[in-house]
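Worksheet for the structure shown next.
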Amino acid sequence: MLKTSPPVMRFRAAVKGNRNLARRRQALVVVLTFLTGSADAIGFLALGGAFSSVMTGNMVLLGLSAGSGDADLALTSGCAIVSFITGVLAGARLAGSAQPDDPVWPRRVTHTLVLELLVFVVFLVVWVVNLPSRSEQVDLGLLMLSAAALGIQSSAIQRFGVPGLSSTYLTGTLTSLIAGVAARSPWQSLRPKAQVLLALITGAVVGALMARYLPAWSPVLLIAPLVLVIAASVGAGGGQRPGP
């Protein structure tokens, strides 16, 4: 009977460990996607009628504002786009680009998410200080903070270098999921896509309910998931290199 050599055993253990870490990373990205849905719902319903992360939608709104002569909509959607771009630039600077020897969860991803958290803490302070009523200018400022935070998050997820992995722009994820269903791809390959799309919808539902019935607590939906992800990322491969 042939015995498995120690190097082969270590390789198999490393592969299994990396798969477990990859599944944990997927779970944390799902949590971030829930945050994205909540932020978009709160932005659209409570902060002037634009999105925090859906820049395609905001560009359409900007075009509509030009066609209809709606200056307020132009200002809201335009500021959201500029803020998101600013967040992407800041996040990309901090997160850096994917490297061949990256661990499953690079530490710089966590650092970038901490920056996003700081932006949302400012959001929380402005929100609380201006209760129970806010001016249109304050709402615009809050939308810009939310859009900047989601731009930072987008850059953080890009650092993973995993094709198709995103917590903000998900039209491609939906297209890939439907194409996979049509091609009868294995459920195992489709499940991550379905998970993030379901998280986005669930976050939007909860965000809409919170914005309507418990507006004072709305920022909790933006901060609590992020704190959870940052805390959990410590054990998600932040300091370990992939196996040989």
Side-chain angles (χ1 to χ4, degrees), residues 29 31-62 65 72-92 94-95 112-131 133-158 166-170 196 199-212 214-230:
V29 171
V31 175
L32 291 175
T33 309
F34 173 89
L35 183 163
T36 299
S38 298
D40 278 326
I42 292 169
F44 191 82
L45 295 176
L47 301 178
F51 300 103
S52 296
S53 78
V54 188
M55 292 304 112
T56 305
N58 285 337
M59 286 187 280
V60 171
L61 292 176
L62 186 61
S65 69
D72 290 337
L73 182 59
L75 179 63
T76 301
S77 56
C79 285
I81 294 170
V82 171
S83 298
F84 185 87
I85 292 172
T86 302
V88 170
L89 291 173
L94 181 56
T112 308
L113 294 179
V114 170
L115 175 61
E116 180 187 4
L117 177 60
L118 293 176
V119 175
F120 273 133
V121 168
V122 176
F123 179 100
L124 171 64
V125 171
V126 175
W127 185 284
V128 171
V129 167
N130 288 276
L131 286 175
S133 60
R134 300 183 306 270
S135 66
E136 292 183 359
Q137 290 75 17
V138 171
D139 280 349
L140 180 60
L142 288 168
L143 178 66
M144 293 174 68
L145 286 170
S146 182
L150 269 296
I152 293 170
Q153 181 178 303
S154 296
S155 292
I157 303 304
Q158 281 290 293
S166 176
S167 65
T168 51
Y169 42 95
L170 297 171
V196 294
L200 182 74
I201 296 170
T202 303
V205 170
V206 177
L209 292 173
M210 191 73 79
R212 181 178 293 273
L214 293 171
W217 291 89
S218 294
V220 174
L221 292 177
L222 311 179
I223 292 178
L226 195 51
V227 171
L228 174 63
V229 170
I230 291 171

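With hydrogens and angles ignored, the 3.5 Å screen pairs no side-chain donor or acceptor of Thr202 with any backbone N or O of Ala199. Under a 3.5 Å cut-off, the side chain of Asp40 and the backbone N or O of Phe51 do not form any donor-acceptor pair. Thr36 places a side-chain N or O within 3.5 Å of a backbone atom of Ser167 that can act as its donor or acceptor partner. A donor-acceptor pair under 3.5 Å links the side-chain atoms of Ser155 to the main chain of Val88, judged by distance alone. Under a 3.5 Å cut-off, the side chain of Arg134 and the backbone N or O of Leu47 do not form any donor-acceptor pair. Thr86 places a side-chain N or O within 3.5 Å of a backbone atom of Val82 that can act as its donor or acceptor partner.
Phe120 approaches Ile223 most closely through the heavy-atom pair O-CD1, 3.7 Å. Considering every non-hydrogen atom in both Gly207 and Ile42, the closest pair reads O-CG1, 4.0 Å. Annotation for Val119 and Ile152: closest pair CG2-CD1, 3.9 Å, computed over non-hydrogen atoms. Taking each heavy atom of Pro215 and Pro219 in turn, the nearest pair found is O-CD, 4.2 Å. Counting all heavy atoms, side chain and backbone alike, Leu143 lies closest to Ser52 at CD1-OG, 4.0 Å. Nearest approach of Ala39 to Leu150, heavy atoms of both residues: CB-CD2, 3.9 Å.
From Leu94, atom CG reaches atom CD of Glu116 across 11.5 Å, with rounding to the nearest 0.5 Å. Between Ser77 atom OG and Met59 atom CE the span is 10.5 Å, to the nearest 0.5 Å. Taking CG of Leu200 as the start and OG of Ser166 as the end, the distance is 10.0 Å to the nearest 0.5 Å. Here the CG atom belonging to Leu61 is positioned 8.0 Å from the OG atom belonging to Ser65, to the nearest 0.5 angstrom. Atom CG of Asp139 and atom CE of Met144 lie 13.0 Å apart (nearest 0.5 Å). In this structure, OG on Ser154 lies 11.5 Å from CD1 on Ile85, to the nearest 0.5 angstrom.
Each of Thr33, Leu35, Val220 was compared with Pro225 under the side chain to side chain contact (heavy atoms under 4.5 Å, CB included) criterion, and only Leu35 meets it. Leu117 pairs in a side chain to side chain contact (heavy atoms under 4.5 Å, CB included) with only one of the listed residues (Val229, Leu226, Thr112, Leu222), which is Leu226.
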So Thr168 and Gln153, side-chain contact (heavy atoms from CB on, under 4.5 Å) or not? Walk me through it.
CA-CA 8 Å; Thr168 51; Gln153 181 178 303; 4.1 Å; yes
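Put simply, the side chain of Val205 reaches to within 4.5 Å of the side chain of Leu209, judged on heavy atoms. Put simply, the side chain of Thr56 does not reach to within 4.5 Å of the side chain of Tyr169, judged on heavy atoms.
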